[in-house]
Amino acid sequence: MPAKGKHRRPKSQRLSRSIAVAGTGGAALALPLMGATGAHAATSTSAPEKAVQSVPATEKTVTQKAATAKTEGVKTYSVKAGDWLAKIAEDQDVTGGWKKIYQDNREAIGADPSLIHPGLKLSLGKRATTSTSTTKSSGSSSTSSSSSSSSSKKTTAAQSSDTSTSSGYTLPVTGGTIGTGYRVAGSMWSSGYHTGVDFVVPTGTTVKAVAAGTVVSAAYDGAYGNEVVIRHADGEYSQYAHMSQLSVSAGQTVTEGQQIGLSGATGNVTGPHLHFEIRTTPYYGSDVDPVAYLRSHGVTVG
C-alpha cells in the first residue's frame with residue numbers, strides 16, 4: 001500500500017501540477033501574448049520612423065549613382081587632318097552619330113558643323129552635366145530655337161519671293177539658309193578653303209537648275225557624293241553636290257527652276273545640305289563666288 005500510495009502521490013501531484021501548470025500556463029500564456037502584442041505594436045510604431053530616417057540616405061545614394069553615370073563613358077578626341085564629324089562618330093562608335101557630337105561640342109565647333117580643324121578637342125560620349133545645368137541649357141536651347149526659327153522663317157520668306165527672277169536665274173533650293181560660305185579656310189578641304197556655299201536643307205529637298213543649260217555630268221563623284229554639273233549659256237558651270245537622288249542625266253537639256261535631284265548627305269559630309277558651286281570649267285579648282293554670281297543675275301541670296 002505504501003508503495004501504491006507513493007505511486008499514487010506522484011499521479012496526484014502530476015495532476016495538481018498539471019492543473020497548476022495549466023493555470024500558470026494560462027497566466028504565462030496571457031503574459032507572452034500581451035508581451036508579444038506590445039512588442040508588435042512597438043515594432044509597428046518604430047518601423048516607419050526607421051524608414052523615414054533612411055529615405056534621405058537612399059536619395060543621396062541614387063543621386064550619387066546618377067551623377068556617376070553621367071560622367072561615365074566621356075572621352076576626349078583630338079581632331080586629325082581629314083576628319084569630319086560623321087567619320088569620327090563612325091570610327092569612335094558614338095551613339096547618336098555626328099549630331100550627338102555636334103550637340104555636345106557646339107560651343108567649340110561653332111555654327112557650322114562642317115568647319116572643324118586639326119587639334120580641336122571634342123568630348124565624345126555622355127555629357128558630364130547636372131540636372132540644373134541641363135534645365136538651364138534646355139531653356140537656352142528653347143530660346144535659341146525660337147530665335148533661329150524666327151530668323152529662318154524670315155529668310156525663307158525672303159527667298160521664296162526671290163527664287164525666280166525675270167533674268168532667267170533662280171536659287172538652287174527654296175527655304176535653305178547658308179551654312180558654310182565661299183572661301184572659308186579649313187584643312188578639311190583639299191584646296192585649303194571651301195569652294196562653294198552650303199545651303200542647309202533637309203534630305204529630300206528639291207534641287208533646281210539655277211538657269212537653263214545642258215547637263216555635263218550626273219553621277220557619283222567621290223567626296224561630292226551624287227553630283228550634277230550644268231553648263232549655262234554664259235559659259236559658266238553650276239555644280240550641285242551631296243544629293244540623295246539624281247533626276248537628270250548627262251547630255252540632257254534643262255530649264256531654269258527644273259528639278260535635277262533631291263538634296264541629301266552623300267559623299268564626305270557632316271549632315272544633309274546642298275553644296276553649290278559656280279565654275280569657269282566643269283572641273284574642280286575653277287570656282288568663282290557663287291553668291292556674287294547669283295546676285296549679278298538678280299537673285300537675292302540670304
Side-chain angles (χ1 to χ4, degrees), residues 114 152-182 194-269 271-302:
S114 66
S152 179
K153 285 179 182 177
K154 289 179 182 177
T155 304
T156 301
Q159 289 181 343
S160 294
S161 61
D162 292 313
T163 52
S164 184
T165 68
S166 58
S167 65
Y169 284 79
T170 186
L171 285 171
V173 289
T174 300
T177 55
I178 291 181
T180 305
Y182 178 59
H194 195 223
T195 54
V197 291
D198 289 344
F199 287 94
V200 182
V201 289
T203 296
T205 300
T206 298
V207 178
K208 302 171 290 185
V210 294
T214 302
V215 178
V216 174
S217 64
Y220 191 89
D221 186 19
Y224 283 122
N226 290 323
E227 169 201 63
V228 170
V229 176
I230 300 173
R231 185 180 189 281
H232 302 290
D234 60 1
E236 305 287 37
Y237 297 78
S238 58
Q239 182 229 21
Y240 315 76
H242 306 310
M243 290 192 284
S244 61
Q245 182 179 315
L246 303 179
S247 305
V248 293
S249 55
Q252 182 178 337
T253 300
V254 294
T255 58
E256 174 216 343
Q258 180 178 329
Q259 178 177 322
I260 59 173
L262 300 176
S263 65
T266 56
N268 290 348
V269 295
H273 69 277
L274 172 71
H275 175 81
F276 175 72
E277 292 186 22
I278 293 294
R279 301 171 172 176
T280 56
T281 74
Y283 310 111
Y284 174 82
S286 61
D287 55 275
V288 296
D289 188 341
V291 173
Y293 176 82
L294 290 175
R295 286 175 177 166
S296 71
H297 289 285
V299 179
T300 302
V301 183

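Heavy atoms only: backbone and side chains are in, while hydrogens, waters and symmetry mates are out.
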Check [X] against [Y] and note the closest heavy-atom contact, atom names and distance.
X	Y	value
Ala218	Ala250	CB-N, 4.2 Å
Leu171	Lys208	O-CE, 3.6 Å
Tyr169	His297	CE1-ND1, 3.3 Å
Val248	Gln258	CG1-NE2, 4.4 Å
Pro172	Tyr240	CB-CE2, 4.0 Å
Ala211	Val254	O-CG2, 4.4 Å

Would you find a donor on one side and an acceptor on the other, under 3.5 Å apart, between the side chain of [X] and the backbone of [Y]?
X	Y	value
Asn268	Ala223	no
His194	Gly181	yes
Thr266	Ser244	no
Ser263	Pro202	yes
His232	Ala212	yes
Arg231	Pro282	no

Using the rule given for side-chain contact (heavy atoms from CB on, under 4.5 Å), can you reason through Met243 versus Leu274, listing the C-alpha separation, both sets of side-chain angles and the distance that settles it, and then say yes or no? CA-CA 7 Å; Met243 290 192 284; Leu274 172 71; 4.3 Å; yes
- Yes or no on side-chain contact (heavy atoms from CB on, under 4.5 Å) for Tyr224 and Val229, after CA distance, side-chain angles and deciding distance? CA-CA 11 Å; Tyr224 283 122; Val229 176; over 6 Å; no
Ser217 meets the side-chain hydrogen bond (donor to acceptor under 3.5 Å, both in side chains) criterion, sequence neighbours left out, with none
Residues passing the ring pair (Phe, Tyr, Trp, His ring centres under 6.0 Å) test with Tyr182, sequence neighbours excluded, are none
For the residue pair [X] and [Y], establish whether any side-chain heavy-atom pair is separated by less than 4.5 Å.
X	Y	result
Phe276	Val210	yes
Tyr237	Ile230	no
Glu236	Thr280	yes

- Task: For residues 246-265, pull every pair meeting ring-ring contact (aromatic ring centres under 6.0 Å, His included), keeping only residues two or more places apart or in separate chains.
- Result: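 Qualifying pairs, neighbours excluded: none.
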Val215 and Ile260: side-chain contact (heavy atoms from CB on, under 4.5 Å), yes or no, with the steps?
CA-CA 9 Å; Val215 178; Ile260 59 173; 5.6 Å; no
Side chain to side chain contact (heavy atoms under 4.5 Å, CB included) with His275: of Thr195, Val197, Val269, only one passes, and it is Thr195
Is it true that, when you exclude Tyr220 itself, more than 12 heavy atoms of the residues, nucleotides or ligands shown sit nearer than 6.0 Å to its OH? yes
| query | Nearest 0.5 Å, what's the NE2-OG1 distance between His273 and Thr177? | reply |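 His273 atom NE2 to Thr177 atom OG1 measures 12.0 Å (nearest 0.5 Å).
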So CD of Glu227 and CD of Glu277: to nearest 0.5 Å the spacing works out to 8.0 Å
message: Could you go through Thr174 and Thr206, starting from their C-alpha distance and side-chain angles, then the distance that decides it, and tell me whether this counts as side-chain contact (heavy atoms from CB on, under 4.5 Å)?
response: CA-CA 8 Å; Thr174 300; Thr206 298; over 6 Å; no
**OP:** Dump the intermediate steps for side-chain hydrogen bond (donor to acceptor under 3.5 Å, both in side chains) on Tyr284 and Asp221, then the final yes or no.
**Re:** CA-CA 11 Å; Tyr284 174 82; Asp221 186 19; over 6 Å; no
